[in-house]
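The next block holds one structure in the form of C-alpha cells; read it before the comments.
Hydrogens, waters and symmetry mates are skipped; everything else that's a heavy atom, side chains included, is used.
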Amino acid sequence: FWKRLGKLEAKHGEPRSIVLEFVRDDSESSWLGAEAIKEITAAQKKQRDRRETAKRMLAEMGKPNGDVLKYMLWEAQGGQCLYGKPAGNPQCPYTETALSFTDLHKYRIDHIVPRAKGGPDSFSNFILTTDEANAAKGDRTPWHWFRQDRSLADWDAYKERVLRRFHALGGKKVRLLLGADAENLVERYTPLAETAWIARLAQTIASL
C-alpha cells in the first residue's frame, strides 16, 4: 500500500485528498448472508449518527474538542446532557463508581475482552471505567476477574447493573460483559473490527 501510494504520487504529484474504499468480495458476502449484511449496514449508520450526535452535544457543553468515543460510552452507560448541562452521572459497571461529565477526560476506555486475549478495538468491546478498575481487571475478561478476585455478591450486583442498561449498551456488549466464553464469543465480531482497524491503519499511512 505504501509503495503504491509512492508510485501514484510520483506519477500524479501530491494529492489534495486520498479516498480509501474497502470492498467485500462475493464469497465473503455470501457467508454473511443478505439479512446479516442488512443488519450490519443499519448498525454502521446508527453508529455514525451516534458519533455526530456526540460531537454536537460536546460542542453544546463547551467541549468541542472533547473525546467523542468517551462521550458515547458515557451516554450508553447512563449519562445525559439536558439544556447544555449534564443531568445525572452514569456508573462504571465494574465498580458502581459514578462517572461525572466534568471528569470524562480522566476515565479509561477498557477492552472488555483484553487485546492480549484477542479483543478487538470495537465499540462493542469498549466500556468506560476508572483507572483503578482498569488496573485491577488487568488482562482478564470480567467473568474471570470477578471469579478470581471478587465475591459472588459482587458478581450478582454487577450483573444487575449491566442488565439494567441492556438496551443502551447493546446485546453484543452485554454478552461480552457477562459471558464466561467472552474470548470465544468476541471472535464472531472480529471481521468488522478488523476492517475498521485496517481502515485506521491505511489512513495513518496515507497521512504519513
Side-chain angles (χ1 to χ4, degrees), residues 1-2 18-24 28 31-32 36-37 39-55 57-58 63 65-77 79 90 92-95 99 104-145 162 165-166 168-208:
F1 179 58
W2 175 261
I18 297 173
V19 178
L20 304 173
E21 182 176 0
F22 297 89
V23 183
R24 294 184 178 276
E28 197 168 6
W31 71 259
L32 282 171
I37 293 171
E39 289 178 8
I40 289 168
T41 302
Q44 288 173 335
K45 182 182 183 304
K46 183 178 179 181
Q47 194 71 349
R48 285 195 299 271
D49 292 344
R50 288 176 67 182
R51 185 171 289 276
E52 290 305 312
T53 300
K55 288 179 181 178
M57 294 303 294
L58 284 168
K63 296 182 181 291
N65 300 316
D67 192 315
V68 172
L69 179 56
K70 283 186 177 180
Y71 178 85
M72 291 169 67
L73 293 168
W74 180 81
E75 191 176 56
Q77 289 170 218
C92 162
Y94 295 149
T95 62
L99 304 174
L104 194 62
H105 63 285
K106 297 180 181 178
Y107 301 130
R108 184 66 62 99
I109 296 175
D110 177 64
H111 286 71
I112 300 168
V113 177
R115 286 173 173 165
K117 304 293 184 183
D121 290 327
S122 65
F123 194 78
S124 61
N125 193 43
F126 290 149
I127 205 77
L128 192 66
T129 186
T130 62
D131 277 336
E132 294 79 9
N134 180 258
K137 175 175 171 282
D139 286 340
R140 294 176 288 184
T141 65
W143 191 88
H144 285 101
W145 176 33
V162 170
R165 300 294 305 165
F166 183 91
L169 293 171
K172 287 182 179 180
K173 183 172 293 190
V174 168
R175 286 189 284 274
L176 294 179
L177 285 166
L178 300 179
D181 62 339
E183 294 171 26
N184 296 323
L185 183 62
V186 80
E187 292 181 4
R188 303 181 194 176
Y189 310 150
T190 299
L192 285 179
E194 286 178 348
T195 302
W197 181 82
I198 291 167
R200 287 197 300 274
L201 181 60
Q203 186 178 33
T204 301
I205 292 172
S207 297
L208 291 172

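With a 4.5 Å cut-off on side-chain heavy atoms, Lys70 and Ile109 count as touching. Residues Asp67 and Leu104 form no side-chain contact, since every pair of their non-hydrogen atoms from C-beta on lies 4.5 Å or further apart.
Arg165 contributes atom CZ, which lies 11.0 Å from atom NZ of Lys173 (distance to the nearest 0.5 angstrom). Atoms CG and OH, on Leu128 and Tyr107 in that order, are 8.0 Å from each other to the nearest 0.5 Å.
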Table please: side-chain donor-acceptor pairs of residues 130-139 below 3.5 Å, with sequence neighbours left out.
residue : atom : partner : partner atom : Å
Thr130  : OG1  : Ala133  : N            : 3.1
Asp131  : OD1  : Arg108  : NE           : 3.1
Asp131  : OD1  : Arg108  : NH2          : 2.9
Asn134  : ND2  : Asp110  : OD1          : 2.8
Lys137  : NZ   : Asp110  : OD2          : 3.1
Lys137  : NZ   : His111  : O            : 2.9
Lys137  : NZ   : Ile112  : O            : 3.0
Lys137  : NZ   : Arg140  : O            : 2.8

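Checked against salt bridge (Lys or Arg N to Asp or Glu O under 4.0 Å), Lys55 has the following partners two or more places apart in sequence or in another chain: Glu52. Residues forming a side-chain hydrogen bond (donor to acceptor under 3.5 Å, both in side chains) with Thr141 (at least two apart in sequence, or on another chain): His144. For Lys106, the side chain to side chain contact (heavy atoms under 4.5 Å, CB included) partners at least two apart in sequence or on another chain are Asp103. Partners of Asp49 according to the side-chain hydrogen bond (donor to acceptor under 3.5 Å, both in side chains) rule, which considers only residues two or more places apart in sequence or in another chain, are Lys45. Qualifying side chain to side chain contact (heavy atoms under 4.5 Å, CB included) partners for Lys46, counting only residues two or more places apart in sequence or in other chains: Arg50. Considering only residues two or more places apart in sequence or on other chains, Ala180 meets the side chain to side chain contact (heavy atoms under 4.5 Å, CB included) condition with Trp143.
The heavy-atom pair separating Trp74 from Leu99 by the smallest distance is NE1-O, 2.9 Å. Considering all non-hydrogen atoms of both residues, Glu183 and Val186 come closest at O-CG1, 3.3 Å. Pro120 and Phe126 get closest at one heavy-atom pair: O-CE2, 4.4 Å. Minimum heavy-atom separation, Ser124 to Lys172: CB-CB, 4.1 Å.
Under the side chain to side chain contact (heavy atoms under 4.5 Å, CB included) test applied with Ile127, the options Leu176, Val162, Leu177, Leu73 reduce to a single match, Leu177.
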- Task: List the steps and the verdict of ring pair (Phe, Tyr, Trp, His ring centres under 6.0 Å) for Tyr94 and Trp145.
- Result: CA-CA 10 Å; Tyr94 295 149; Trp145 176 33; 5.4 Å; yes
- Step by step, work out the side chain to side chain contact (heavy atoms under 4.5 Å, CB included) result for Asp121 and Arg115. CA-CA 8 Å; Asp121 290 327; Arg115 286 173 173 165; 3.2 Å; yes
- Candidate pair Phe1 and Ile198, rule side chain to side chain contact (heavy atoms under 4.5 Å, CB included), full reasoning: CA-CA 11 Å; Phe1 179 58; Ile198 291 167; over 6 Å; no
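In Gln47, the CD atom is crowded: over 12 heavy atoms of neighbouring residues, nucleotides or ligands sit closer than 6.0 Å.
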